[in-house]
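Step one of this worksheet: look at the structure below.
So you know, we letter chains A, B, ... as the sequences are listed, proteins then strands, and number each from 1.
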2 protein chains.
Amino acid sequence: MTNNHSTDTKNDIPDIVIGRLPIYLRTLKLLQSEGKEVASSQELGERLGISSAQIRKDLSHFGEFGKQGTGYNVAYLCSQLEKILKVDCIWPVVLVGAGYLGHALASYNGFEDRGFRIVAVFDTDPEKLGKRVGPLRVEHPRAIPDYVRSHKCQIAIIAVPAEAAQEVANTLIEAGIKSILCYAPITLTVPKEIRVEYIDPVIHFQHMTYYLEKHCLDE
Amino acid sequence: MTNNHSTDTKNDIPDIVIGRLPIYLRTLKLLQSEGKEVASSQELGERLGISSAQIRKDLSHFGEFGKQGTGYNVAYLCSQLEKILKVDCIWPVVLVGAGYLGHALASYNGFEDRGFRIVAVFDTDPEKLGKRVGPLRVEHPRAIPDYVRSHKCQIAIIAVPAEAAQEVANTLIEAGIKSILCYAPITLTVPKEIRVEYIDPVIHFQHMTYYLEKHCLDE
DNA sequence: CCTTGTGAATATGTTCACAGCA
DNA sequence: TGCTGTGAACATATTCACAAGG
């Protein structure tokens, strides 16, 4: 038996470990779809560019999922990770912003398999109101509070221009949203109990260029 | 004077520090646009949810940019960070994939201000060939090698379905691409000198749900 | 054999706290 | 006084290396 989790309220497991679990899950599901039934920490590590020891240690925080001499049963480990991450169900997500990015997100059909569904789209632009975005219709942001409360949504995506993002965040938080995925290139100011994660491709590009040789167009 | 950098070939500065510089830059530019001329590490830290000591220490790797008693000159620090990150110019980026996401990326006009321009779009779909995507026209991927070489592109975006991503990556790397931003939900296998960064919203969602209370739709 | 799970050792990252300068 | 830059102290994360099990 592993260390007992009897006194686990929650936060003794490092956030950085939690952050890797979705990667493991994504890869295990791929292995599963390739028909692989068993995988060792080494195989998984090679696939991911991570050491096998790290994978074993990460998993050991939650239990003993492997078999010595064999490795991990792929389907079983998948199901365990889904349970740990609470993605053995579908979470409703609201989307604010019906521009190109909003369309891309609302039309993407890779969410459901992994535990999420975009259930509503909001945008202030009167031109867009009532128009189709993926399988949904654009609603006015004034409908956000009622919608979020009645559907018990806890997750929102912000896909509006930077100038509007903070105000949208305030509205969402006021409505009861607990976690935000922000595509606007700005750091939001939020109460500490609200979790915000960011996606900004330029941050990645600027990280890359540090290591590249400068062969670029003049400004 | 700071520690001398005379023997800096490159890699004594931790990657995690480099990764924060783009965030600092993004925020400093915002402060600048708000008319702020000077900012202390504390102000910046509060805005970002980072300790002031960390910001000072991060910057100290590259030189002494501040003034005691005053703080940092915003415009000056911006220009220094741009120089360090090599984004005081425009880098050409090629995009593979002209689906909804490709359209969103190609149409986004927030790249140029921050050092990047999407200069070409490729997609295998014959339906899309020659069609407009943002300001560009879709070309066949067979044109990738010539294009990348003649335009000295070092950065590419992969915005194709997961099944096609590895093959696209191989083509790009063969053509001379050095860094890839991958939107496909898959870990690519690449030579160690190639840098790959990933954007997958579901990874963020699954990280969030660990901390949320489970109130979700049944599977 | 091969591979897990895990303490101990190492490596890396962050914060403290203060000297020194404007 | 108010802030930077920075060693030293502390905290966190990763890897090593091996006992134990199939």
In whole angstrom, give the distance that lies between atom [atom1] of [X] and atom [atom2] of [N].
X: B:Leu59; N: D:dT6; atom1: CG; atom2: P; result: 11 Å
X: A:Asp15; N: D:dT14; atom1: CG; atom2: P; result: 12 Å
X: A:Gln54; N: C:dG5; atom1: CD; atom2: C1'; result: 15 Å
X: B:Asp58; N: C:dT12; atom1: CG; atom2: P; result: 16 Å
X: A:His61; N: C:dT4; atom1: NE2; atom2: C1'; result: 16 Å
X: A:Ile55; N: C:dT4; atom1: CD1; atom2: P; result: 9 Å
X: B:Asp12; N: C:dT12; atom1: CG; atom2: P; result: 12 Å
X: B:Ile16; N: C:dT15; atom1: CD1; atom2: P; result: 11 Å

Does a side-chain N or O from [X] land closer than 4.0 Å to OP1 or OP2 of [N], or not?
X: A:Ser51; N: D:dT15; result: yes
X: B:Arg56; N: C:dA17; result: no
X: B:Tyr72; N: D:dG5; result: yes

Consider only side-chain N and O atoms of [X] and [Y], and report whether a donor and an acceptor are under 3.5 Å apart.
X: A:Arg47; Y: A:Thr27; answer: no
X: A:Gln166; Y: A:Asn170; answer: yes
X: B:Asp12; Y: B:His61; answer: no

So which nucleotide from C:dT14, D:dA13, D:dT6 ends up closest to the side chain of B:Ser60?
-> D:dT6

Shortest side-chain distance from A:Glu64, nucleotide among C:dT15, D:dG5, C:dG5 |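 Of the options given, the side chain of A:Glu64 lies nearest C:dG5.
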
Enclosure of A:Glu193 CD (heavy-atom neighbours >12, cutoff 6.0 Å) | yes

Please report the C-alpha distance between B:Phe116 and B:Ile155 in whole Å, then the side-chain angles of each, then the deciding distance to 0.1 Å, and finally whether the side chain to side chain contact (heavy atoms under 4.5 Å, CB included) criterion is met.
-> CA-CA 10 Å; B:Phe116 303 89; B:Ile155 305 174; 3.9 Å; yes

Within residues 22-44 of chain A: residues closer than 4.0 Å to DNA chain C (heavy atoms) = A:Ser40, A:Ser41

Answer yes when A:Asp200 and B:Arg26 have at least one side-chain N-carboxylate O distance shorter than 4.0 Å, and no when they do not.
-> yes

Along DNA chain D (nearest heavy atom to each residue), the more 5'-positioned of A:Lys57 and A:Gln68 |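 Looking at the nearest nucleotide for each, A:Lys57 comes out on the 5' side.
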
Residue whose nearest DNA chain D nucleotide is more 5′ - A:Thr70 or A:Ala53 = A:Ala53

A:Thr209 and B:Lys86 have their tightest heavy-atom pair at O-NZ, 3.4 Å

